[in-house]
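Letters A, B, ... mirror the listed sequences (proteins, then strands); counts begin at 1.
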Protein chains: 2
Amino acid sequence: MHEKKNAPLRSDAQRNRERILEVALVELTRAADTPLSAIAKKAGVGQGTLYRNFPSREALVLEVYRYEVEQVAATAAQLLADRAPDQALREWMDRLARYSMTKAGLAAAMGKATAYGSFAACGHGPLTAAITLLLRANDEAGTIRPGLTPDDFLLAIAGLWHIDPHSDWQARVDQLLDIVMDGLRAGAPGR
Amino acid sequence: MHEKKNAPLRSDAQRNRERILEVALVELTRAADTPLSAIAKKAGVGQGTLYRNFPSREALVLEVYRYEVEQVAATAAQLLADRAPDQALREWMDRLARYSMTKAGLAAAMGKATAYGSFAACGHGPLTAAITLLLRANDEAGTIRPGLTPDDFLLAIAGLWHIDPHSDWQARVDQLLDIVMDGLRAGAPGR
DNA sequence: GAACCTAACGGACACCTGTCCGCTTGAGCA
DNA sequence: TGCTCAAGCGGACAGGTGTCCGTTAGGTTC
């Protein structure tokens, strides 16, 4: 069983993939529920090609916004440098929420992606890494209950994916994250 | 604009509705993703009839398990009579989780139903009523933070709908509900 | 630059959801 | 019992997702 070592894509495949992402960004921003078939057509590729690159709608959305998501993930380290671990965690959750609500379809995709099985398994490293970082820092500072895994964390904030991004989400997000943050804090050993 | 006051269904319509529910219970229990068209066929009705009675898959699932859900809702009062408000709330959440995990497709349907807009608006009174009851009792006892609405509560436990009912859900549910419960408790004024 | 091999293509297809609309039939009334 | 008529029926259909498979064309080797 020979592994295909991190697949050096063929040149045309590479081009197709990028053209799909370009088109998808435009179309999904315009309407989050644009048919995938329409995106394939506009990108000038067959359905098969689109689905080979992105097995599901969620995979495509996540990839489209990957840069944004990676940015958010990257701020974790930054925030930890600037403030107390628990403050950093809370601020980070706020930013994650803000991005999810702002980018059309991202919240829904996150919800699907985190459903039924670990998010980590989906190969979306950056987010998991960021969460791990934040949790460890807080764990060491004794500001959260011990033994929390990234999966626990993602379940705790799952409510985010159920908030309508077209409504007054700010207040509901604040309330939810207050509850979650306090929940994570409870049982903390203290420093 | 004359309201049709709580629609006295025509006899054949009534029979069809019941036959659909019977078949749906069997089929959905066997496989949660049975095509609705298959259920319609087995029930001996057209697609149109099925969809007129149940506008969406979730509506059907929720109706199929309505009795069970109402049972859970009804235990809220019982639990409040037996124990301290916060104990009752926690125990109730456990039972809700257990039912959701146990009945195939129920968790997914709950997730969809609570997504994007208040659950209460969907006309599913019993659950909302039960939650309101529990929250009020806790509010009065000073065991939870003040000002919590049923919507806040549903967002907080949304993680439940993301746990795979086919996996070792018990441990994950416990962990999640511990976090949520502590989150709700935080900021409680005390008695 | 020709031949080969396989990654990648792309569109037809299978399947599902939800809607629409012409037809059927239960039920009240004379 | 026969008439009437709208509530209700049911299946065809539109629209979308995801799969399959015969065909095409990059890349490599000689």
Should [X] and [Y] count as an ion pair when the cut-off is N to O under 4.0 Å?
X	Y	result
E22(B)	K42(B)	no
D182(B)	R185(B)	yes
R30(B)	E27(B)	yes

Return the polar atom pairs (N/O with N/O) between nucleotides 17-20 of chain C and the protein under 3.5 Å, or none.
unit_1	atom_1	unit_2	atom_2	d
dT17(C)	OP1	R57(B)	NH2	2.7
dT17(C)	OP2	L36(B)	N	3.1
dG18(C)	O6	Q47(B)	NE2	3.3

What is the distance, rounded to the nearest whole Å, between atom CG of L50(A) and atom C1' of dC20(D)?
16 Å

Side chain to side chain, L60(B) and I20(B), heavy atoms closer than 4.5 Å:
yes

What distance do [X] atom [atom1] and [Y] atom [atom2] have between them, rounded to the nearest 0.5 Å?
X	Y	atom1	atom2	result
L21(B)	N16(B)	CG	CG	11.0 Å
L135(A)	T132(A)	CG	OG1	6.5 Å
L176(A)	M181(A)	CG	CE	13.0 Å

Over 12 non-hydrogen atoms of neighbours within 6.0 angstrom of CZ in R136(A)
no

Using the 3.5 Å cut-off, write out each protein N or O paired with an N or O of nucleotides 26-30 of chain C and the distance between them.
unit_1	atom_1	unit_2	atom_2	d
dG26(C)	O3'	S11(B)	OG	3.3
dA27(C)	OP1	S11(B)	N	3.0
dA27(C)	OP1	S11(B)	OG	2.9
dA27(C)	OP2	S11(B)	OG	3.3

Hey, does the side chain of N16(B) come within less than 4.0 Å of dG8(D)'s phosphate (OP1/OP2), counting only N and O?
no

